[in-house]
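What follows is a set of notes on a single structure, which appears directly below.
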Amino acid sequence: MKVLTAAAFGLILSLQAAFAADPIFPPASRLGLVPPPDMTLSKRVSGFENEERAAVITFAELPPGAFEQLASGLNKDALRKQGMELISRENVKLGTSSGVLVSSTMTKPNMGRKWLLLVKDEALTGLVVAQVTAAGTATATRRSGPP
C-alpha cells in the first residue's frame, strides 16, 4: 500500500520530472515543485490548478514549530471530522527534511481524492495539499477512454 500511495503522490507532483526541470515557485512562496504538465500557476491560491479537471495543488508556509501539532492531527478521527477517510499515512524523508504523507478519500462536501504532505524544515513547516474531485476524475476518465 505504501508503494501505491507514494506512486500516486509522485504522479500528481510529477517528481519524475524534477530531475529534468527546475521547480516552479508560486509568487512569494518558498515552496515549489515541478507541476504536472496539465497544471498552471493558480491566480486564486498559492499553487497550481487545472480547473477543467477540478484539480489543485496548494502550498502553505507555517512556523517551524507547527509541524508536531499538525502531524498529530493527521489521524483517522481528525480527518473524518474534516470530511476525509484515511487511506494511508506514512513518514517520509525529503533530503534532510522529515515529513508525513497522508492519502485520503474526500467524502464531503465533494467526493474525490486528497493527499497532504507535511514537511518540517529548520526555517518553516510546509504543507502541500493535492486534490482532485470526483467530477474532475470522471472528466479525465471520459477523455482518456474510447471516443
Side-chain angles (χ1 to χ4, degrees), residues 1-140:
M1 183 58 119
K2 286 185 179 183
V3 173
L4 179 60
T5 301
F9 196 74
L11 177 62
I12 287 177
L13 299 182
S14 295
L15 292 178
Q16 302 89 345
F19 296 108
D22 291 328
I24 298 173
F25 293 82
S29 177
R30 293 179 283 177
L31 303 173
L33 57 82
V34 177
D38 61 345
M39 293 192 120
T40 58
L41 273 172
S42 174
K43 294 177 180 158
R44 301 177 303 130
V45 297
S46 178
F48 303 92
E49 66 183 328
N50 178 325
E51 289 185 51
E52 186 176 299
R53 290 195 60 218
V56 65
I57 300 171
T58 59
F59 302 109
E61 296 179 35
L62 304 155
F67 181 85
E68 284 76 17
Q69 182 179 2
L70 290 172
S72 68
L74 294 176
N75 61 59
K76 187 176 183 176
D77 292 332
L79 292 172
R80 183 173 286 139
K81 289 177 185 175
Q82 296 178 40
M84 293 179 275
E85 289 296 323
L86 180 66
I87 295 172
S88 67
R89 176 194 159 112
E90 60 186 282
N91 294 325
V92 295
K93 194 85 165 145
L94 299 171
T96 60
S97 300
S98 58
V100 176
L101 173 62
V102 171
S103 175
S104 67
T105 301
M106 296 185 300
T107 58
K108 56 183 174 182
N110 298 313
M111 301 292 287
R113 293 291 309 271
K114 184 177 266 191
W115 295 265
L116 301 114
L117 176 63
L118 184 65
V119 180
K120 181 179 183 176
D121 186 274
E122 293 175 5
L124 62 90
T125 293
L127 177 63
V128 179
V129 179
Q131 73 178 39
V132 60
T133 64
T137 304
T139 300

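Given the structure is predicted, the values throughout are model-derived calculations rather than measurements.
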Distance, nearest 0.5 Å, that separates [atom1] of [X] from [atom2] of [Y]:
X: E51; Y: S42; atom1: CD; atom2: OG; result: 7.5 Å
X: R80; Y: N75; atom1: CZ; atom2: CG; result: 10.0 Å
X: M106; Y: E85; atom1: CE; atom2: CD; result: 13.0 Å
X: M84; Y: L74; atom1: CE; atom2: CG; result: 8.0 Å
X: L101; Y: L116; atom1: CG; atom2: CG; result: 8.5 Å
X: F25; Y: L41; atom1: CZ; atom2: CG; result: 11.5 Å

**Asked** Can you name the one residue among L33, I24, I57 that meets side-chain contact (heavy atoms from CB on, under 4.5 Å) with M39?
**Response**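 Single pass found, and it is I57.
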**Heavy-atom side-chain contact between V100 and N91 under 4.5 Å** = yes
**Prompt:** Looking at side-chain heavy atoms only, is the closest gap between L94 and L117 below 4.5 Å?
**Reply:** yes
Residue pair [X] / [Y]: nearest heavy atoms and the distance that separates them:
X: A78; Y: G73; value: CB-O, 3.1 Å
X: S98; Y: F67; value: O-CE1, 4.1 Å
X: S72; Y: Q69; value: OG-O, 2.8 Å
X: S29; Y: S46; value: CB-OG, 4.1 Å

**Prompt:** Under 4.0 Å between a Lys/Arg side-chain N and an Asp/Glu carboxylate O for E49 and K43?
**Reply:**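 Salt bridge flag = no for K43 with E49.
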Is a side-chain donor or acceptor of [X] paired with a backbone partner of [Y] at a separation under 3.5 angstrom?
X: R30; Y: E61; result: no
X: S97; Y: D121; result: no
X: N110; Y: T133; result: no
X: T125; Y: P64; result: yes

**Item:** Flag for R113-S103: side-chain donor and acceptor within less than 3.5 Å
**Value:**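 The answer is yes; a qualifying pair exists.
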